[in-house]
Amino acid sequence: MAELLPLPGFVNAHSHTFQRALRGRTEGGDFWAWRDTMLAEAERQTVDSVRSGYAATYGEMLAAGYTAVGEFHYLGLGEARAAAAAAQEAGIEFVLLYAAYGRGGIDRFRQESVAEYLHGLEELRADGIAVGLAPHSVRACPADWLEELGRYAEQERLPLHVHADEQPREIEECLAEHGIRPIELLARTGCLGPRTTVVHATHASDAELDLLCEADARVCVCPTTEANLGDGFAPAERLCERGIGICIGSDSNVRLDPLEELRELEGIARRSSGRRNVLSAERLLCYGADEGAGALGLESWADVAVNLEHRSLRGVEGDVFSALVWACGADVFV
């Protein structure tokens with residue numbers, strides 16, 4: 001019997017599971033060209049395709065060491081229930097980050113009002129599904145929506161997740177409409193707090209990061225997706241300087257490997273600073289597990305086991321955690 005090392009399971013704090021189908025189909029062009037293809041893929045999703053496709057992908061996540069997932073979902077209520085059923089079938093801890101979408105996107109993403117959105121959220125909660133609020137972005141949610149959603153999340157003590165500062169164009173459009181940047185708008189509208197997770201923050205200014213720090217909010221970085229889409233580099237060192245909590249997500253699911261996400265995050269920090277070990281292996285593993293659980297409001301989730309006799313760890317005599325992060329892929333987990 002192989003010698004095993006138990007660890008807290010990794011938490012995938014940001015997933016759009018249907019986007020796994022886009023692998024190999026969207027190379028070339030920029031983020032916005034990719035988005036057009038993504039919207040077409042979203043349009044063709046059904047309750048049945050979500051049920052079967054998500055169960056398969058959640059099984060892949062489990063095999064890769066993720067034991068919990070936050071599904072940032074904007075395909076509709078029936079599909080939300082299908083995603084929850086798929087997670088139950090696969091045996092992965094599940095939180096539905098139900099997306100509020102007031103404008104843009106495609107018809108199936110949008111609600112007519114915040115009241116309609118909250119009614120749907122309450123239906124899901126009544127079904128026993130763990131939920132968080134997810135105003136999609138400042139592009140998709142007008143300021144008055146953000147104000148109502150921020151109040152509700154605080155009142156109900158629910159997680160609030162939102163994309164922000166992923167693309168320069170998004171920032172330019174926010175400045176043109178509101179005169180301030182996306183995270184500044186989130187602060188103004190009451191959407192920042194200790195249960196808030198800002199997804200990406202790739203192009204966040206120092207002032208915006210200061211606001212996240214003051215609010216005790218987190219950032220979810222998705223390095224393999226941000227690399228694949230050409231988003232830019234996570235501001236790893238600037239986040240750490242401010243003590244901002246960091247969690248990880250597989251996002252578009254082009255790759256399912258928490259160690260790769262963490263390795264890329266530290267690689268960004270090393271290349272930008274010219275130093276090694278900017279983020280220790282222990283700190284990275286905490287980002288991969290505990291911080292993700294905090295972002296989703298989880299108090300318990302399953303462990304994962306490292307096969308210490310895996311070929312990637314054979315002959316290791318130093319720090320096994322560093323070797324795990326730097327030398328291993330997800331096949332090291334059993």
Side-chain angles (χ1 to χ4, degrees), residues 14-23 25-26 29 31-58 69-89 94-127 129-142 144-146 148-149 152-153 158-164 166-167 169-170 173 199-200 222 225 229 249-254:
H14 187 74
S15 172
H16 302 289
T17 297
F18 78 92
Q19 293 177 14
R20 184 127 172 98
L22 298 177
R23 290 167 298 161
R25 290 171 44 192
T26 58
F31 169 88
W32 302 100
W34 170 87
R35 183 174 180 271
D36 289 340
T37 307
M38 180 274 290
L39 293 176
E41 181 63 28
E43 191 69 84
R44 61 178 289 275
Q45 297 298 309
T46 65
V47 167
D48 288 342
S49 70
V50 167
R51 181 69 174 76
S52 60
Y54 283 37
T57 301
Y58 291 153
V69 61
E71 184 64 42
F72 198 111
H73 178 86
Y74 40 64
L75 299 177
L77 281 172
E79 291 78 7
R81 295 185 177 94
Q88 185 173 25
E89 176 187 335
F94 178 83
V95 176
L96 186 86
L97 302 168
Y98 183 52
Y101 223 111
R103 59 188 182 184
I106 55 178
D107 286 347
R108 73 180 304 166
F109 293 179
R110 295 191 293 269
Q111 299 91 20
E112 290 295 323
S113 64
V114 176
E116 180 188 339
Y117 167 79
L118 292 176
H119 180 75
L121 187 79
E122 290 294 350
E123 283 188 20
L124 297 169
R125 293 180 78 183
D127 290 342
I129 298 172
V131 300
L133 282 82
H136 178 274
S137 58
V138 300
R139 289 185 291 111
C141 289
D144 58 337
W145 279 48
L146 294 173
E148 290 190 58
L149 296 171
Y152 185 89
L158 288 171
L160 186 152
H161 288 226
V162 56
H163 299 97
E166 181 178 8
Q167 285 284 319
R169 184 172 121 186
E170 164 204 346
E173 291 175 352
V199 183
H200 302 303
C222 309
T225 291
L229 298 182
S250 64
D251 196 357
S252 68
N253 295 294
V254 68

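The basis for the numbers below is simple: all heavy atoms, side chains too, and nothing from hydrogens, waters or symmetry mates. For the single chain, residues carry numbers from 1 onward in sequence order. Not measured: the values here are computed from a predicted model.
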Exercise. Hey, would you say the Y98 and Y117 ring centroids sit under 6.0 Å apart?
Worked result: yes
Exercise. Do Q167 and W32 come close enough that some side-chain heavy atom pair is under 4.5 Å?
Worked result: yes
Exercise. Are the side chains of H136 and F109 in touch, meaning some heavy atoms are under 4.5 Å apart?
Worked result: no
For this session: For the pair H73 (side chain) and L96 (backbone), establish whether a donor and an acceptor sit closer than 3.5 Å, ignoring hydrogens and angles.
Result: no
Exercise. What is the minimum heavy-atom distance between F72 and H16, and which atoms define it?
Worked result: O-ND1, 3.0 Å
Problem set entry | Heavy-atom pair with the smallest gap, counting every atom of C141 and Y101 | SG-N, 4.4 Å
For this session: To the nearest 0.5 Å, tell me how far L77 CG sits from H119 NE2.
Result: 8.5 Å
Problem set entry | Any F94 side-chain heavy atom under 4.5 Å of I129 side chain | yes
Problem set entry | Donor-acceptor pair, side chain of E116 and main chain of R110, under 3.5 angstrom | no
For this session: Specify the closest pair of heavy atoms between A83 and Y58, including all atoms of both residues, with the distance to one decimal.
Result: O-CE1, 3.7 Å
Exercise. Where the side chain of R23 meets the backbone of R20, is there a donor-acceptor pair that is under 3.5 Å apart?
Worked result: yes
For this session: Mind listing the closest non-hydrogen atom pair of W145 and Q111 along with its distance?
Result: CH2-O, 3.5 Å
Exercise. If you look at every heavy atom in V199 and C222, which pair is closest and at what distance?
Worked result: CG1-SG, 4.2 Å
Exercise. Within a strict 4.5 Å, meaning less than it, do heavy atoms of the D251 and H200 side chains meet?
Worked result: yes
Problem set entry | Check: Q19 side chain, M38 main-chain N or O, donor-acceptor pair, under 3.5 Å | no
Exercise. Do H14 and H163 have a side chain donor and acceptor closer than 3.5 Å?
Worked result: yes
Exercise. Below 4.0 angstrom, N of the basic side chain to O of the carboxylate: do R81 and E123 qualify?
Worked result: yes
Exercise. Roughly how far apart are H161 NE2 and L97 CG, rounded to 0.5 Å?
Worked result: 5.0 Å
Problem set entry | Pair Q45-Y54, side-chain donor/acceptor within less than 3.5 Å | no
Exercise. For R169 and F31, what are the C-alpha separation, side-chain angles and deciding distance, and is it a side chain to side chain contact (heavy atoms under 4.5 Å, CB included)?
Worked result: CA-CA 10 Å; R169 184 172 121 186; F31 169 88; over 6 Å; no
Exercise. Are any non-hydrogen side-chain atoms of N253 and T225 less than 4.5 angstrom apart?
Worked result: no
Exercise. Side-chain contact, heavy-atom cut-off 4.5 Å: R125 with L158?
Worked result: yes
Problem set entry | Nearest atoms (heavy-atom pairs only) where V162 meets S137 | CG2-CA, 4.0 Å
Exercise. Quick check: are there more than 12 heavy atoms from other residues, nucleotides or ligands sitting under 6.0 Å from CD of Q88?
Worked result: no
Problem set entry | Reported CG-to-CD1 distance for the pair L75 and I106, which is rounded to 0.5 angstrom | 7.5 Å
